[in-house]
Amino acid sequence: MKRERAEQQGRRAESMAAGWLRLHGWRILAQRVRTARGEVDLVAKRRNLVAFVEVKARTKTKDLETAIDLHRLKRVAAAAEILYPKYCQNGEDARIDVILVAPRRLPTHLTNVWHGF
């Protein structure tokens, strides 16, 4: 039951993050893209830039500070490397972003969090 609740919370957070991105001029290309090396929650594009986005949700705002760590970012980066040729076929720039979601507050969009990409 706890796992199901976390799954639902994650899906709601991803929907909120996708809506947030759309409001800021992004087009969502894909959601929950799995690869052999990891998963990317959202793939979004604005102009000539593709963002591979990790979405993290927490029930308490203070817990957002520790929601993302190096291990998780490495997995997203590894998945993004695999996905890059599919979503960046026309020479688009790419980056890895994180969107943090908590109740009763606007999402926080952290841009270009992985500099090894």
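Please read these numbers as outputs of a predicted model, since none were measured by experiment. All heavy atoms count here, side chains included; hydrogens, waters and symmetry mates do not.
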If hydrophobic clusters are built from ILVMFWY residues whose side chains come within less than 4.5 Å, do L29 and L21 share one?
no
Is there a path of hydrophobic side-chain contacts, each under 4.5 Å between heavy atoms of I/L/V/M/F/W/Y residues, joining L83 to L49?
no
For the student: nearest non-hydrogen atoms of V76 and V40, plus distance:
O-CG2, 4.2 Å
Please round to the nearest 0.5 Å and tell me the distance separating atom CZ of R27 and atom CZ of R47.
13.0 Å
Can you measure from NZ (K45) to CG (D93) and round to the nearest 0.5 angstrom?
11.0 Å
Looking at CD of Q8 and CZ of R3, how far apart are the two atoms once the value is rounded to the nearest 0.5 Å?
12.0 Å
Tell me whether M16 shares a hydrophobic cluster with W26, the cluster being built from Ile, Leu, Val, Met, Phe, Trp, Tyr side chains joined at under 4.5 Å.
yes
Hydrophobic cluster identity match, V43 and I28, side-chain contacts under 4.5 Å:
no
Please determine whether salt bridge (Lys or Arg N to Asp or Glu O under 4.0 Å) holds for the pair R72 and E54, giving the CA-CA distance in whole Å, both sets of side-chain angles, and the decisive distance to 0.1 Å.
CA-CA 9 Å; R72 281 184 173 78; E54 175 73 1; 5.0 Å; no
What are the two closest heavy atoms between Y84 and E92, and how far apart are they?
OH-O, 3.3 Å
What's the shortest heavy-atom distance between A77 and I96, and which atoms?
CA-CD1, 3.4 Å
Heavy-atom nearest pair, N48 first then G91, reads ND2-O, 4.1 Å
From CD1 (I82) to CZ (R34), nearest 0.5 Å
14.0 Å
Which heavy atom of Y87 sits nearest to which heavy atom of V50, and what is that distance?
O-CG2, 3.5 Å
Under 3.5 Å, side chain of R46 to main-chain N/O of A51, donor-acceptor pair present?
no
Taking all heavy atoms of Q89 and all of K86, pick out the closest pair and write down the distance.
NE2-O, 3.4 Å
Hey, could you give me the NZ/CZ distance between K74 and R37, rounded to the nearest 0.5 Å?
12.5 Å
Only pairs under 3.5 Å count here: list side-chain donor-acceptor contacts from residues 98-113, not counting sequence neighbours, and write none if there are none.
unit_1: R105; atom_1: NH2; unit_2: T108; atom_2: OG1; d: 2.5
unit_1: H109; atom_1: NE2; unit_2: D97; atom_2: OD2; d: 2.7

For the pair V53 and D41, evaluate side-chain contact (heavy atoms from CB on, under 4.5 Å) and give the outcome as yes or no after the intermediate values.
CA-CA 6 Å; V53 183; D41 294 326; 5.8 Å; no
